[in-house]
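To keep things clear, I will list the structure first and then write my remarks on it.
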Amino acid sequence: MSADAAAARPTLTTHPAWHALSAHADDMRGRSLRALFAADPSRGTRFTAEAAGLYLDYSKNRITDETIRLLAALARACRLDERIAAMFRGEPINTTEGRAVLHVALRAPRDASIVVDGEDVVPGVHDVLDRMAAFAAQVRDGRWRGHTGRPIRAVVNVGIGGSDLGPVMAYEALRHYSARDLTFRFVSNVDGTDFAEATRDLDPAETLFIIASKTFTTLETMANARTARQWTLAALGDARAVARHFVAVSTNAKAVAAFGIDTSQMFGFWDWVGGRYSMDSAIGLSTMIAVGAERFHEMLAGFHAMDEHFRTAPVERNLPALMGLIAIWHANFFGAATAAVLPYDQYLKRLPAYLQQLTMESNGKHVTLEGARVDYETGPIYWGEPGTNGQHSFYQLIHQGTRIVPCDFIGFGRSLNPIGEHHDLLMANVFAQTQALAFGKTEDEVRAEGTPERLVPHRAFEGNRPTNTILAERLTPHTLGALVALYEHSVFTQGAIWGIDSFDQWGVELGKVLASRIVPELMSADDPPPAHDSSTNALIGRYRRMKAGTER
Ligand code: F6P
């Protein structure tokens, strides 16, 4: 550790608020949700909060009023309110990259004003939104023609990380509202299979590629973009076809031009938008083409409603702050290493994957803003699957495993596809699962059912397993925006308490650098043996032989 970092030891665990929470957690370990609910019949309605069309029931966590009071005190000690204000003011709170963090500006209304480095960024945001809207309308109504004069029928987004997960998640989530005469595909992996399968049944004369990359240097995206260009030109036989079949979304106009896409066909954004916070920037172009500008603006309004709630509501009624603080309670005081996100809506099937990047690339950090090694756990591992599929797979561990897995259950009052009794069956499972996790089933209850004694321990459920339930009336663009902003700001809250930079991602760099060194070693079979460690050398050697067909 450098002298500076050593001098800046983290202080979080020395705060009186942290000590108080630690002592309180010891007390709470002996208390059960059964007893807490029995003692307070209003618990299920008191430990709730509502904003931007979302209802959060956090009563089935092992918390009391005292817990919330102490968590709010911790938030005050860590100056959460000042951190929030600094973000909304456009201060460079991403200190390791010297950047403002202003995804909230992407959904600010047209008449708002947010000044960064002396410039109001809101007009620029709306200029891009307007250009996106004009372009999306042309593609949707067939005015935008391919090189041979045929209308576009397929849109392929080529990007990775935040330039893929947001677009694909939002497309799937809002598919109900999408133009069904257009096909949408998403290519991210540098594995050629991804491109091959995504384009296998598409006609190049009717396909539009959106090359989405904040930096326009990402190896995977550039490789896929080059392949897309070859695929198009091989079929259309004219370099001028690029102009009708490629648009770019990026902050790097120079690299876009160097690739051969005219910058008049580039939709820009700014370095104060992090990749994983960019789905509502121009990176959302595929979403806008799918659902139209009006629906896209409804989504932005949902984001904005949650932003305003986060900015203004007191911690005790602030959904993202509560969710973030309760996540801290589990991670730091109950040793929860993971958290599950369980959407009970098939349209949200990619939400867990999206949230994995949002949460783990943001808060998977081991040093504080000052560069000191933390002496507490940070970002838990997020994972999940849509219900009810997960119930028949990994819920066993959540119910009866040895680890605590806090879960977020997400459900809706009305289905977008009301078929028979399906929705009641679906939602009954949300309520049943959270009930079972909270209250379990005692050995006496199991015995009373006539269970043979040797099976009693197997059939008992300890309960006391924490859940949040998030309900909304229907999955709309507005709800989706509010839901994503809820998680963005919950992540922010956790990062503010841990004192880390939630907006950089240095941890992805080393692997990229090493891969770029290895690439030429794999391409040439004649080169001398590579000079890495003995494992990597042997693996590369075996790969070369397998590639040459001399090793089977
Ligand atoms: O490698 C991680 C990362 O930088 C993510 O943060 C980002 O979302 C992704 O790569 C894609 O980056 P880009 O949009 O610049 O291609």
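Just follow the structure's listing: the first ligand is 1, and inside any ligand the first atom is 1. Only this structure's heavy atoms are used, side chains among them; waters, hydrogens and symmetry mates stay out.
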Item to check | Any Glu488 side-chain heavy atom under 4.5 Å of Ser490 side chain | outcome: no
Checklist entry - Which of parallel (below 30°), tilted (30 to 60°) and perpendicular (above 60°) describes Phe209 and Phe195? => result parallel
Item to check | Mutual orientation of the aromatic rings belonging to His103 and Tyr277 [parallel < 30°, tilted 30-60°, perpendicular > 60°] | outcome: parallel
Checklist entry - Using a threshold of 4.0 angstrom between heavy atoms of the protein and any atom of ligand 1, which residues qualify? => result Ile160, Gly161, Gly162, Ser163, Ser213, Lys214, Thr215, Thr218, Gly275, Gln357, Glu361, Gln505, Val508, Lys512
Next on the checklist: Please verify the inter-ring angle class for Phe492 with Phe310; under 30° counts as parallel, over 60° as perpendicular, anything in between as tilted.
Outcome noted: perpendicular
Checklist entry - What do you reckon, are the aromatic ring centroids of Tyr487 and Tyr354 less than 6.0 Å apart? => result no
Item to check | His366 and Thr378, any side-chain heavy atoms less than 4.5 Å apart | outcome: no
